[in-house]
Amino acid sequence: MAGSTDMAALEESFRKFAIYGDTKATGQEMTGKNWAKLCKECKVMDGKGVTGTDVDIVFSKVKGKTARVIGYEEFKKALEELAPKRFKGKSKEEAYESICQLVAGKEPTNVGVTKAATGGAVDRLTDTTKYTGSHKERFDESGKGKGKSGRENIVDTSGYVGAYKNAGTYDAKVKK
């Protein structure tokens with residue numbers, strides 16, 4: 001069978017795929033979803049010899065009757081089951097060796113994750129120098145947001161109307 005370094009890399013791949021997408025996972029057991037992801041990303045599933053249905057059937061075959069997950073030993077059995085289907089024309093040992101090399105050292109990838117757009121319209125829409133009206137008041141001269149004072153109307157309790165030019169001059173007039 002495979003060498004000890006390959007087995008260590010194989011076990012490491014098993015653990016990485018086992019914890020993928022589950023914050024509570026310990027890396028000791030793999031779900032059917034993660035098993036299918038491993039088979040797809042490591043090119044075990046080729047669409048001809050090994051399909052998604054084959055992967056699901058093998059998972060159901062190697063797991064316990066009431067179990068929903070597989071351990072590392074069951075994982076190795078599942079790879080043994082898939083090896084002759086994936087590598088037709090090779091002996092069982094050679095096929096298992098080849099399938100282990102496909103999986104060993106691989107990590108799950110985030111396929112289809114949306115990245116934040118930073119070009120074109122986004123730059124134009126987030127340019128605070130082009131804001132007008134009441135929206136312009138939410139930012140200072142440097143374009144940095146004012147926070148709460150920029151979002152809420154803070155009540156002026158001085159007793160003067162907003163547009164009154166001589167605010168604060170009453171006390172000076174009365175003292176004369």
Side-chain angles (χ1 to χ4, degrees), residues 1-128 138-140 142-148 150-151:
M1 296 273 175
S4 62
T5 55
D6 289 342
M7 283 297 151
L10 186 69
E11 190 168 358
E12 185 62 29
S13 290
F14 169 79
R15 295 203 190 296
K16 286 180 180 176
F17 275 96
I19 62 172
Y20 180 78
D22 187 6
T23 55
K24 296 182 211 94
T26 60
Q28 304 298 319
E29 298 172 325
M30 182 181 285
T31 63
K33 177 180 71 98
N34 289 7
W35 162 249
K37 182 173 179 64
L38 178 136
C39 289
K40 193 173 191 180
E41 288 189 10
C42 295
K43 307 279 191 270
V44 172
M45 210 186 309
D46 61 357
K48 295 175 188 140
V50 178
T51 63
T53 307
D54 294 328
V55 168
D56 292 338
I57 289 170
V58 166
F59 182 81
S60 296
K61 196 184 290 185
V62 297
K63 73 175 177 61
K65 218 173 191 109
T66 58
R68 295 176 151 223
V69 292
I70 59 172
Y72 181 64
E73 293 303 317
E74 295 161 321
F75 168 73
K76 290 196 294 190
K77 283 182 201 164
L79 287 179
E80 278 182 49
E81 290 268 339
L82 285 178
K85 287 184 174 187
R86 176 66 169 87
F87 297 100
K88 291 183 173 102
K90 289 188 176 182
S91 70
K92 241 184 168 175
E93 288 78 26
E94 287 177 326
Y96 181 70
E97 183 82 30
S98 299
I99 207 164
C100 286
Q101 287 174 354
L102 282 178
V103 176
K106 298 281 192 326
E107 291 184 18
T109 58
N110 294 329
V111 179
V113 175
T114 308
K115 295 200 172 41
T118 57
V122 176
D123 288 338
R124 183 174 46 82
L125 292 172
T126 55
D127 184 5
T128 58
R138 294 179 56 192
F139 302 94
D140 60 13
S142 67
K144 201 164 177 82
K146 291 183 184 176
K148 188 175 180 181
R151 288 190 308 272

I'd like to check the salt bridge (Lys or Arg N to Asp or Glu O under 4.0 Å) partners of Lys106; sequence neighbours left out, ordered by chain and number.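 Here no residue qualifies.
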With Lys76, which residues qualify under salt bridge (Lys or Arg N to Asp or Glu O under 4.0 Å), at least two apart?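 So Lys76 forms a salt bridge (Lys or Arg N to Asp or Glu O under 4.0 Å) with Glu73.
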How close do [X] and [Y] get, heavy atom to heavy atom, and via which atoms?
{"X": "Val50", "Y": "Asp46", "answer": "N-OD1, 2.9 Å"}
{"X": "Glu107", "Y": "Glu41", "answer": "O-OE1, 3.7 Å"}
{"X": "Ser13", "Y": "Val103", "answer": "OG-O, 2.9 Å"}
{"X": "Ala25", "Y": "Ala18", "answer": "CB-O, 3.8 Å"}
{"X": "Tyr96", "Y": "Leu10", "answer": "OH-CD2, 4.4 Å"}

Nearest-0.5 Å distance that lies between atom [atom1] in [X] and atom [atom2] in [Y]:
{"X": "Met45", "Y": "Leu38", "atom1": "CE", "atom2": "CG", "result": "9.0 Å"}
{"X": "Trp35", "Y": "Phe17", "atom1": "CH2", "atom2": "CZ", "result": "11.0 Å"}
{"X": "Leu102", "Y": "Leu82", "atom1": "CG", "atom2": "CG", "result": "11.0 Å"}
{"X": "Gln28", "Y": "Met30", "atom1": "CD", "atom2": "CE", "result": "11.5 Å"}
{"X": "Lys48", "Y": "Arg86", "atom1": "NZ", "atom2": "CZ", "result": "9.5 Å"}

Take atom NZ in Lys16; do more than 12 heavy atoms of anything else shown fall under 6.0 Å from it? yes
With a 6.0 Å cut-off (strictly less than), is the heavy-atom count around NZ of Lys90, excluding the residue itself, greater than 12?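 Yes.
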message: Could you work out, with ring pair (Phe, Tyr, Trp, His ring centres under 6.0 Å) as the rule, every residue matching Phe14, not counting sequence neighbours?
response: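 Counting only residues at least two positions away or on another chain, Phe14 forms a ring pair (Phe, Tyr, Trp, His ring centres under 6.0 Å) with Tyr72, Phe75.
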query = Donor-acceptor pair, Gln101 side chain versus Ser98 backbone, under 3.5 Å?
reply =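 Not confirmed, Gln101 side chain does not pair with Ser98 backbone.
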For Tyr20, does its backbone N or O pair with a side-chain atom of Asn34 as donor and acceptor, under 3.5 Å?
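At least one qualifying donor-acceptor pair exists.
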Side-chain atoms of residues 55-69: list all donor-acceptor pairs with protein atoms under 3.5 Å, sequence neighbours left out, distances to 0.1 Å.
residue	atom	partner	partner atom	Å
Ser60	OG	Asp56	O	3.2
Lys61	NZ	Glu81	OE1	3.4
Lys63	NZ	Ala67	O	3.2

Under the rule for side-chain hydrogen bond (donor to acceptor under 3.5 Å, both in side chains), what residues qualify as partners of Glu11, not counting sequence neighbours?
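For Glu11, the residues satisfying side-chain hydrogen bond (donor to acceptor under 3.5 Å, both in side chains) (neighbours in sequence not counted) are Arg15.
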Pairs meeting criterion salt bridge (Lys or Arg N to Asp or Glu O under 4.0 Å) with involvement of residues 19-35, two or more places apart:
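Sorted pair list comes back empty.
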